[in-house]
Every structure is written in C-alpha cells, then in structure tokens.
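What follows is a short report on a single structure.
Throughout, residue positions are numbered sequentially from 1 according to the sequence presented.
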Amino acid sequence: MVVFGSLTQIKLPPPIPTTSSSSGPSQKTLLTKRRSLLLGPTAVVASLLHFYNPISSQPSAIAQQQLQDDLQQEEDRAMNLFQETSPSVVFIKDIEIDKSLKGSPNAVSQSEDDNTKVEGTGSGFIWDKFGHIVSKCLDLFHVTNYHVISRLATDQTGLQRCKVYMVDARGNGFSSEGKIVGLDASRDLAVLKVDIEGHELKPVVLGTSSDLRVGQTCFAIGNPYGYENTLTTGVVSGLGREIPSPDGKAIKGAIQTDAAINAGNSGGPLINSYGRVIGVNTSTFTRKGSGTSSGVNFAIPIDSVVRTVPYLIVYGTPYSNRF
C-alpha cells in the first residue's frame, strides 16, 4: 500500500515529442496508460484504508451496550442469590443470663440484650421446617475464641444460653432460644432446635461438593463481627484441604475460598451461583498476632455435613460415636 502511494509522487519527465505513426501508439498515449495503471490501484487502497483503520477503530455502541448488559446481569444474579438465601441464615449469640432468671424457662425471651452479657457470636442456617438449625461448634468471637456450643453443653452454672435471631418465610424477624440437639466436635458441627410456633421457616437448598472446581464462583453469607446479613463473594481457591477440628483431630476435604470469612461468619453457608449450599464456613487462616484475615478461608464440604446431620438429629451424636 505504501509503494503505490509513493509511486504517485514521482514526477515523470516531459514527453519527447514524436510524430504520430499509423504503425503504433504515440509516446504520450503510453505515458497516460502507465499513469492510469499506477493511479488505479492507489485509489482502491486509499478507499480501503478510509473504511478500515485498525489503529483508530473503537468498540461499537452495540458492543458497549452488550458489555453493560452482561455486568448488570452478573450484579442482578448476586442480589437475587442474597435475597433468596439470606432468610435461611440465622444469627447466633452465646449469652450469659442474669442470675435472677436462672430458673425461668423463658429466661432468654425475658432478658433484655442491654442487660445480657454476650460472650460470642456466630451464624447458622435453617436445615428443615421443623426448626433444626445447623451451625458449628467453634465460636470465632475475636476476643475469647471460646466454643459456643461446647460451652453451653458443658455449662454447670445454668446461666449459659444460646439466642437465635431469624426471619420467617414471610419476612418477619423473631428470636428464640436454641437448644442443643447434637454435637460432632470432630467435624466442627452442631444442630440446634428452636421453637417456631406461629412461624414458617425457609430451609436452605442443599447442593453437593463432590463436583466443585477450583475457580468457580462462591458466596458466603453470615454475621461477621455482629454485622447481620453480610454477603461476601469469591472463588473456590482450593479443594481437599486439611484443617484442625475442635477436638484436635483433622477435618479432611475442606474447601478453601477467598470469599471473606471473619469472626461471626462461622457456621454460615457457602453457596454456589445457583444458591445451593456447598459448604459450612468454619475458619480463616490468621497469622499469629496480626488479628486480621489473610484471605485463606475454609468451609466444611456439604457432602460431609449431609452425612453427619441426620445422625445428630436422631441420636444426638455422630455415627462413629454410637459403636
């Protein structure tokens, strides 16, 4: 293309006057034809360059609109997932009631939050419509780091209680005392039972963890540091991890994610892009003395939870403890 453009700038020498001959064309005629041969392709190339310039081309309005639509759909999906799943997530408080309420069966409902000592917070999710709630044994309360459920289970003072805040299927918020149904310290899981009289609960939709792939999107819902109904997003960062359990054993097959999990997220669900629970958020790797999350977080795979919870509901203990 450059060669043609350069040839058009060459100054041709003046034609040599000759006499016309009937035997062939004149020199002037030959030069005119040569000039036409040079100018013809040059005009074609110039025309092509006018319609296509790869350097200055910009995305079309249609492409920009398509990009905006894709981003909007992604945001809408995340918002819909939260709206559909958050009513199934509960906020759990480990409290110590006043001694004057020790003998009252309604101590939790009678005690005011301002006069109650909160010793830890956590999350959980509604397992079924009968009031069973799945959580974890460890409380990730950032000061004491005590075991909420295990403390309640071993309480000898009669002052420890577990208060559960939840939303029913109609969107009405209420709270109730959580009673321990079963406990499996080796898998860091616990099942609570709450009184749901007059309320209809919305259980989570269970997924599977057997077909997870590193890189797929995931979402964590919980109550970090007491901030209720918090959504964080990330990806599955790793699979088959091994993390410590409360009884000193190892929890194998844990899910690693970079979705933020902090104190209070413990026990909340990790869900996939379809809103199905794929794990129970359990812990975060924290460098000693830093007190901050490193972004290396873990969840108990839901396949392990599905195998464990029915035994906790029926027998109160995991299958391995029955023999």
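Asp303 pairs by the side chain to side chain contact (heavy atoms under 4.5 Å, CB included) definition with Thr208, Ser209, Ser210, Arg307, not counting sequence neighbours. Applying the side chain to side chain donor-acceptor pair (under 3.5 Å) rule to Lys202 yields the partners Glu84; only residues at least two apart in sequence or on another chain are considered. With sequence neighbours left out, Val89 forms a side chain to side chain contact (heavy atoms under 4.5 Å, CB included) with Ile221, Pro269. With sequence neighbours left out, the side chain to side chain donor-acceptor pair (under 3.5 Å) criterion links Glu228 to no other residue. For Glu242, the side chain to side chain contact (heavy atoms under 4.5 Å, CB included) partners are Ala250, Lys252, not counting sequence neighbours. Among residues two or more places apart in sequence or in another chain, the salt bridge (charged side-chain N to carboxylate O under 4.0 Å, His left out) test is passed with Glu74 by none. Applying the side chain to side chain contact (heavy atoms under 4.5 Å, CB included) criterion to Gln72, with sequence neighbours excluded, gives Glu75, Asp76.
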Checklist entry - Arg161 and Glu177: salt bridge (charged side-chain N to carboxylate O under 4.0 Å, His left out), yes or no, with the steps? => result CA-CA 7 Å; Arg161 295 291 190 276; Glu177 181 177 358; 3.4 Å; yes
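Judged purely by atom type and a 3.5 angstrom limit, Ser237 uses its side chain to pair as donor or acceptor with the backbone of Asp258. In this structure, Ser245 contributes its side chain and Ile251 its backbone to no donor-acceptor pair below 3.5 Å. Counting only distance, with no hydrogens or angles, the side chain of Thr230 and the backbone of Tyr227 share a donor-acceptor pair below 3.5 Å. No donor-acceptor pair closer than 3.5 Å links the side chain of Asp188 to the backbone N or O of Ala185. In this structure, Thr232 contributes its side chain and Ala260 its backbone to a donor-acceptor pair below 3.5 Å.
Residue Ile62 places its CD1 atom among 12 or fewer non-hydrogen atoms of other residues, nucleotides or ligands, all under 6.0 Å distant.
Sorted by first and then second residue, the pairs that involve residues 191-222 and meet ring pair (Phe, Tyr, Trp, His ring centres under 6.0 Å), not counting sequence neighbours, are Phe174-His199. Applying the ring pair (Phe, Tyr, Trp, His ring centres under 6.0 Å) rule to pairs touching residues 237-284 yields nothing, sequence neighbours excluded. The side chain to side chain donor-acceptor pair (under 3.5 Å) analysis of residues 212-224, with sequence neighbours excluded, yields the pairs Ser123-Asn223.
The pair Glu200-Arg170 does not meet the salt-bridge criterion, since no charged nitrogen lies less than 4.0 angstrom from a carboxylate oxygen.
By the 4.5 Å heavy-atom criterion applied to side chains, Ile243 and Thr282 are counted as neighbours.
Grouping Ile, Leu, Val, Met, Phe, Trp and Tyr by side-chain contacts under 4.5 Å, direct or through others, leaves Phe130 on its own. Using a 4.5 Å cut-off between side-chain heavy atoms of Ile, Leu, Val, Met, Phe, Trp and Tyr, Leu239 falls into a hydrophobic cluster with Leu212, Val214, Val236, Ile255, Leu270, Ile278.
Follow the hydrophobic side-chain contacts under 4.5 Å out from Val167 and you never reach Val204; the two are in separate clusters. A single hydrophobic cluster is seen to contain both Leu192 and Leu201, as judged by linkage of ILVMFWY side chains at heavy-atom distances under 4.5 Å, directly or through other members.
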